[in-house]
Amino acid sequence: MADKQELARIFAEVAVLLELKGENPFKIRAYETAARILEELDGDLEDFVASGRMDATKGIGQALGLKIREFLADGRVKYFEELKAAVPAVLFELVKIPGLGPKKALQLYEKLGVNSIGELEYACRENRLVALPGFGAKTQERILQGIDYVKRFQGQFLLVDAWPLAEKAAAWLEGQPGVDRAAVAGSIRRRKETVKDIDVVVAAADPAAATELVAAMPGVEAVLGRGPTKTSVRLANGMNMDVRAVMPEEFAAALHHFTGSKEHHVGLRGLAKDKGLKINEYGIETAVGERLPVPDEAAFYRMLGLAYIEPELREGLGEIEAAAGGTLPELVTARDIQGVFHVHTTFSDGSATPAEMAAAARERGWGYLGVSDHSRTAVYARGLRLETVAEQRREIERLNAANPDFRLMAAIECDILPDGSLDYPDEVLAEFDFVIASVHSAFRQSEADMTRRIIRAMENRYVGVLGHPTGRILLARDGYGVDLGAVIAAAATTGTVIEINASPYRLDLDWRWCRKAKETGVLLAVNPDAHAPAELDYVRYGVAVARKGWLSAADIVNTRPAAEAMALLRRKRA
DNA sequence: GCCGTTTTCGGCCCGACTGTTTTCAGTCG
């Protein structure tokens, strides 16, 4: 079967290749758009073409349509292969360095014969870049710093590391004299799971003075650049932070602008243009250049004839059309969460007892907590032997009897063994209040085997929840190969809930798949997978994933009271 | 590359900052 993801990757790579060739930027955008369309495509590619849906899709015209048909027929795109052969591979590496774009990268390759990042670093140290036209000592120094950045961090950071830092920076700035307001913008505000840098927007009567302040902020290691409205700094942990300062009346428009995403803005600005308006980072202007006041973001969208679009949805994935048509979902919030199903205790690899975890859950205003320690095969995590299962159950019953207003559930995170069977026999599984099934071993199975394995586990009537469906660890390990489309379809037919593992190191199910799950009729559960009381707060990251995935409270099992939630996790037993 | 009841050609989002320039290209978001 032709893989639409592969074709999406090909088109995305064509876009990069064209950029390296200095092609028309709008042609490049056409390929980027096509890649996104394919990534988000519902159903398979053959059907997309055969049904005529492709021909009706805006953004795919004659040339791209031909290439899609070629891919379906031959499994390849000749144009891509020719391009790839004509563009040196090293250029792909070079443009990942901040400050290096296609033009300069090409010069380095052609004039200095640079064939790798290592060679570029060496050329900088030999002071050979300064002789090139358009280059100078500062560019060379900047490139050296950029190489260091890429080598140390691959240029990416976890949301969990960036978000608190960003909030701290905004709070500090807001406390400075002359500063009206400060707020976190950028991909952190959109709650992307990994981010490149921190963006903060500041309102001040004297913006230039406000940007001056940034250098004095605690944790700032170096000032990378400074203009009248923007300061870029590097923080001690290696992250870059941009602070943009505007007049108070420009704050909402600026916050919107710097929240992005780029794709969202492109869509909005096209729409504005149709209405004879112009959007820039300072506000909305009429055709005659009159600046219209934008008191807040809701007004901003209203002026464009749109419902308010939450930051998490601003990815250019249909949210503008939905806002125009009044079909945006009401997104779930952290306040909707009434309890969680997946935590570990001292019975396996957690650091707190069930009583301590329950107390921490109550402090957070929740009414229930599922204790789901590891099963026996997970020896590395001190998985529960059968005797311990009984012991834990007695402890949970004791706690429930003592605290009638809070419900502890005796559950298990049961390993899915390599053949798709479960780690305990059915008669043991039947004893648990509910069962979460997860893969913790044999990650290297083929995609087909892994998909069969997981689906077989979901077919077990005691399995209420599929845990962390891909096993990925962000910035550390890709998930195992698995056909998530097939897993989601099987979740729907078997009535299995899919977990949104809220550990900020996992965030698995990915938000990009949440919408698909919802449309397929699958319920999800936001679970912290906490191994300590403080980690219950991971739920905020899981809620962020759900929101990015267009989910409402009704799509999430643990927005319901205990009895109702339990019934959903046990519905396959009926 | 795509798109179009104003257009089949000429548009396609918009601006800041840097560094290397004597008026602007490249990069970034």
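Here is how names work: the chains are called A, B, and so on, in the same order as the sequence lines, proteins then strands, and each is numbered from 1.
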Exercise. Report which part of the nucleic acid A/Gly260 touches: base, sugar-phosphate, or nothing (heavy-atom distance under 4.0 Å, all strands).
Key: nothing
Quiz item: If we take the C1' atom in both B/dG11 and B/dC28, what is their distance in whole Å?
Solution: 24 Å
Practice problem: Name the nucleic acid region contacted by A/Ile28, choosing base, sugar-phosphate or nothing; use a 4.0 angstrom heavy-atom cut-off, strictly under. | Solution: nothing
Quiz item: Nearest nucleotide by nearest heavy atom, which residue falls closer to the 5' end of DNA chain B, A/Gly61 or A/Lys196?
Solution: A/Gly61
Practice problem: Any strand is fair game: report the nucleotide pairing with B/dG4 by Watson-Crick or G-U wobble, both distances under 3.5 Å, or none. | Solution: B/dC9
Self-check item: Intermediate values then yes/no, ring-ring contact (aromatic ring centres under 6.0 Å, His included), A/His256 and A/Tyr301
Solution: CA-CA 10 Å; A/His256 180 268; A/Tyr301 285 105; 5.2 Å; yes
Quiz item: At under 4.0 Å between heavy atoms, what does A/Thr57 touch on the DNA or RNA strands: base, sugar-phosphate, or nothing?
Solution: sugar-phosphate
Practice problem: May I ask you to verify if any side-chain N or O of A/Lys278 is less than 4.0 angstrom from the OP1 or OP2 atom of B/dG15? | Solution: yes
Quiz item: Is the NZ or CZ atom of A/Arg189 both under 6.0 Å from the centre of the six-membered ring of A/Trp163 and within 45° of that ring's axis?
Solution: no
Practice problem: Can you tell me, in whole Å, how much space there is between the P of B/dT21 and that of B/dA16? | Solution: 24 Å
Practice problem: Just do the salt bridge (Lys or Arg N to Asp or Glu O under 4.0 Å) check on A/Arg512 and A/Glu193 with the steps written out, would you? | Solution: CA-CA 11 Å; A/Arg512 296 162 188 82; A/Glu193 64 277 16; 3.0 Å; yes
Self-check item: Distance between P atoms of B/dC17 and B/dG10 (Å, rounded)
Solution: 35 Å
Exercise. Check every strand shown and say whether A/Pro98 touches a base, only sugar-phosphate, or nothing at a heavy-atom separation below 4.0 Å.
Key: sugar-phosphate
Self-check item: Nearest-angstrom distance, C1' atom, B/dC14 to B/dC9
Solution: 24 Å
Self-check item: A/Lys262 vs B/dC13: side-chain N/O to OP1/OP2 distance below 4.0 Å
Solution: no
Quiz item: Hey, does A/Leu277 reach any base, or is it just sugar-phosphate, or nothing, if we go heavy atoms under 4.0 Å?
Solution: nothing
Self-check item: Lys NZ or Arg CZ of A/Lys104 over A/Phe135 ring: under 6.0 Å, within 45°
Solution: yes
Quiz item: When all nucleic acid strands are considered with a 4.0 Å heavy-atom cut-off, which category describes A/Leu18: base, sugar-phosphate, or nothing?
Solution: nothing
Exercise. Identify whether any heavy atom of A/Glu23 sits under 4.0 Å from a base atom; if not, whether one sits that close to sugar-phosphate; answer base, sugar-phosphate or nothing.
Key: nothing
Quiz item: B/dG19 and B/dC12: how far apart are their P atoms, nearest whole angstrom?
Solution: 30 Å
Quiz item: On DNA chain B, nearest-nucleotide positions of A/Pro228 versus A/Gly270: which is more 5'?
Solution: A/Gly270
Practice problem: Would you indicate what A/Tyr282 reaches in the nucleic acid, counting non-hydrogen atoms under 4.0 angstrom: base, sugar-phosphate, or nothing? | Solution: sugar-phosphate
Self-check item: Expected output: side-chain A/Lys548 to main-chain A/Arg190 donor-acceptor under 3.5 Å
Solution: yes
Quiz item: Within the distance-only criterion (no hydrogens, no angle test), does the side chain of A/Glu126 pair as donor or acceptor with the backbone N or O of A/Cys124 below 3.5 angstrom?
Solution: no
Where do N or O atoms of nucleotides 19-23 of chain B meet protein N or O atoms at under 3.5 Å, pair by pair?
| from | atom 1 | to | atom 2 | distance (Å) |
| --- | --- | --- | --- | --- |
| B/dG19 | O3' | A/Thr139 | OG1 | 3.2 |
| B/dT20 | OP1 | A/Gly136 | N | 2.4 |
| B/dT20 | OP1 | A/Gly136 | O | 3.2 |
| B/dT20 | OP1 | A/Ala137 | N | 3.3 |
| B/dT20 | OP1 | A/Thr139 | OG1 | 3.2 |

Quiz item: Do any side-chain nitrogens or oxygens of A/Thr33 fall under 4.0 Å of OP1 or OP2 in B/dG1?
Solution: no
Self-check item: Same-atom distance (C1') from B/dC2 to B/dT7, integer angstrom
Solution: 14 Å
Quiz item: Out of A/Leu91, A/Leu20, A/Leu18, which one pairs with A/Pro102 under the side-chain contact (heavy atoms from CB on, under 4.5 Å) rule?
Solution: A/Leu20
Quiz item: Mind checking the C1' distance from B/dC13 to B/dG29? Whole angstroms is fine.
Solution: 12 Å
Exercise. Identify which one of A/Val202, A/Thr229, A/Thr231 satisfies the side-chain contact (heavy atoms from CB on, under 4.5 Å) criterion when paired with A/Thr211.
Key: A/Thr231
